[in-house]
Each structure stands twice: as C-alpha cells, then as structure tokens.
Number of protein chains: 2
Amino acid sequence: MSESVDRLRRYLEDELGECRNDDLQNRLQELEDLEALLSEETVSEDVGTLAALGNDTRYRLVRLLVESGEELCVCEITPLVDVSDSAVSHAFARLAEAGLVTKRKEGRWRKYRATRRANALLTVLDGSR
Amino acid sequence: MSESVDRLRRYLEDELGECRNDDLQNRLQELEDLEALLSEETVSEDVGTLAALGNDTRYRLVRLLVESGEELCVCEITPLVDVSDSAVSHAFARLAEAGLVTKRKEGRWRKYRATRRANALLTVLDGSR
DNA sequence: CGCTTATTTGAGTGAACACACAAGTAAGTG
DNA sequence: CACTTACTTGTGTGTTCACTCAAATAAGCG
C-alpha cells in the first residue's frame, strides 16, 4: 500500500514538476472519493447483468425477444438458436435472474419477454457501435 | 428440426384455435426474418464487449475511468482495486481489445481513458436500474 | 388415471477464465 | 551503461462456465 503511495507521489512529481505533501494528500482524497462511488451492490448487480448478456446463446435469446417486441413462446425461439432445449431453458433462467427477461406461464407453454433494461442495453449497443 | 416444427404447429393451433398450413408457413417465415437480423459479426462484437465488462475487476476499472471523466494513470487506479499490478494490466488489455478504453503512453506512465461506448453502457445501466 | 408433450432441473464434463508469480521490456536517472 | 521503476507478458492453476444427457415436473387430453 505505502508502496503504491510512493509510486503515486513520483507520478505527481512528474505531473506537477514538484509535489508537496498537500498535493499528494489531495490526490489521494480525490481517488478515494472516486472509489467510494462504487457501491458493492451496484457493482455486483451490473456485473451480473453484463455477464448474463455476455454469452452467445443468451445474447441471441434476448436480441430475438427485443427485435420481436413481443412475448415469445420458448417453442418459437428454440429452433432459432443452435443448442438443446435444456440449454435454452438454463439460459432463460439465468436471464430472468439477471432481470433481463420476464416469464409467464400459459397452459403448457412458457413465454418470455425482454425487460426495459434489456431493451435499453441493446439499444445503446446498437447506438454506440 | 421437423420435431420443433411440429411443436410450433401445435402451439399455433392452441393460439389460433386452428392452424392451416399457411399460418404455420407464415409464422416460420416471420421467425426466420427475426433471426436474420442477428449478424454473426454484431453478435460476437457485442458479446465480447459485454463479457469484457461483466467481470468485477474490469467493471470497476471502467467505472472509475467513467466517473473521473478523465484520463487516469495506471498508478492511480491500481491502488483502488484489490488485485495485483499484473491483473490490472491484463484487465486493461482486454478492455482495450473490446474497445472500452484507450491507452496512451506518456514517458514511463501509461494512461487509460474510457471510450464513448463505455460511457454509454454505464449510463444506461445507471438509468435502467 | 395413464399417456404425451413442453419445459425445467440436476448431474457430469471439457473448455474458458481470472489471477498470482516470475521474467521481460522500455523509459528515466545517476 | 548499470540501476530503478512502471508496467506488460507468459505460464501454471484452481475455479467457474456452458452445454448435453437423463430424469423430473406439470399441463392437457382421452
């Protein structure tokens, strides 16, 4: 730790031409404030969401739901991705857990729909490419 | 494959009360069109981006850069995450590869900055929580 | 009820990951 | 030009994944 503070001091000396102890303390405080913005809960929720979408199969499922703009039956989606029924089911379970899709039972059929969050994410991916 | 078409036919019979062959062909075409929107390249680029951000360490690095709004030196960021220098370096390499950060050398220091895409993604995560 | 079908759940397994440690590179310094 | 410093790169390794197959659940039907 104090080793990394040494490195930071040398960096500030480079940047400022000199480096009083005040400068170092200031920068340390600024960086600490920055870190404080990262709440443990936010991080794990966001990372969970991103990791859920960051897989070929799951991304495709969500993309299909978003493009269709409606609820789709598992039986309609499965033929569009190249994995087993079981894999599709596992994938949807994880997506639901991450809040990217919602599930509804209708008789013997199960239907999934993309959430607002899923729509927002794909939209921003499209828009920043 | 024809097995899943059978399932789809039964589904449509449920939905429509009946199901002529035309209905089935129509729906099959609609679903095929939906699938066609998924270009192989788009999928792998987006999935790469999402998977890169979907890791605790890498997410934190990007979040710090985005919050700071400026270029930061590796030496400033490393003390804020709880892994080795080496891990930070590996993480930045992957983020750069995914187009989420850019790198600049300045003498013996290396500085990273979040890209527009990184900013957009974190913004939408914040806004859809 | 017993049978079929739609989907889920529970292993098991090969592959991909994330990180630490050690060695390498490149810039700056005396 | 040796020496330090600021990273980066290569490699080994325990861990997490993603998927498949098999078994379980659950709804609809005769």
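As the structure is a computational prediction, the values presented were derived from the model and not from experiment.
Near-neighbour residues of DNA chain C inside residues 82-97 of chain B, defined by a heavy atom below 4.0 Å, number-ordered: B:Val83, B:Ser84, B:Ser86, B:Ala87, B:His90, B:Arg94. Non-hydrogen atoms lying under 4.0 Å from DNA chain C are contributed by B:Arg7, B:Arg10, all within residues 7-26 of chain B. Against DNA chain D, the stretch residues 56-68 of chain A makes heavy-atom approaches under 4.0 Å through A:Thr57, A:Arg58. Near DNA chain C, meaning a heavy atom under 4.0 Å away, the residues from residues 104-112 of chain A are A:Arg108, A:Trp109, A:Arg110, A:Tyr112.
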Show me, pair by pair, the donor-acceptor contacts under 3.5 angstrom made by side chains of residues 14-21 of chain B, not counting sequence neighbours?
residue : atom : partner  : partner atom : Å
B:Asp14 : OD2  : A:Trp109 : NE1          : 2.7
B:Glu15 : OE2  : A:Lys111 : NZ           : 3.4
B:Arg20 : NH2  : B:Asp23  : OD1          : 3.0

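Atom CG of A:Leu80 sits about 9.0 Å away from atom OG of B:Ser4, to the nearest 0.5 Å. Residue B:Leu31 holds its CG atom at 8.5 Å from CG of A:Leu64, rounded to the nearest 0.5 Å. B:Tyr59 contributes atom OH, which lies 9.5 Å from atom OG of A:Ser44 (distance to the nearest 0.5 angstrom).
Proximity of B:Arg113 to B:Leu65: side-chain heavy atoms (C-beta onward) are nowhere separated by under 4.5 Å.
Taking the 5' to 3' direction, DNA chain C first and last meets chain B under 4.0 angstrom from a heavy atom at C:dT5 to C:dG28.
Under the rule for a salt bridge (Lys or Arg N to Asp or Glu O under 4.0 Å), the partners of B:Asp46 that lie at least two apart in sequence or sit in another chain are A:Arg63, A:Arg129, B:Arg117. For B:Arg9, the side chain to side chain donor-acceptor pair (under 3.5 Å) criterion is met by no residue, not counting sequence neighbours. Residues satisfying the side chain to side chain donor-acceptor pair (under 3.5 Å) criterion with A:Glu41, sequence neighbours excluded, are absent altogether. In terms of the ring pair (Phe, Tyr, Trp, His ring centres under 6.0 Å) criterion, residue partners of B:Phe92 (sequence neighbours excluded) are, by chain and number, B:Tyr112. Residues that satisfy the side-chain contact (heavy atoms from CB on, under 4.5 Å) test with A:Asp33, not counting sequence neighbours, are A:Gln29.
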Run the numbers on A:Thr49 and A:Leu121 for side chain to side chain contact (heavy atoms under 4.5 Å, CB included), then give the verdict.
-> CA-CA 10 Å; A:Thr49 302; A:Leu121 277 164; 3.7 Å; yes
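Dense packing is recorded around CZ of A:Arg104, with more than 12 heavy atoms of other residues, nucleotides or ligands lying under 6.0 Å away.
For A:Asn55 (side chain) and A:Ala51 (main-chain N/O), no donor-acceptor pair under 3.5 Å exists by modelled atom type.
Separating the CD1 atom of B:Ile77 from the C1' atom of D:dC7 is a distance of 13 Å, rounded to the nearest angstrom.
Salt-bridge annotation for A:Glu76 and B:Arg10: absent, with no side-chain N of the basic residue lying under 4.0 Å from a carboxylate O of the acidic one.
Pairs of residues two or more places apart, or lying in two chains, that qualify as salt bridge (Lys or Arg N to Asp or Glu O under 4.0 Å) and include a residue from residues 85-98 of chain B are A:Arg7-B:Asp85.
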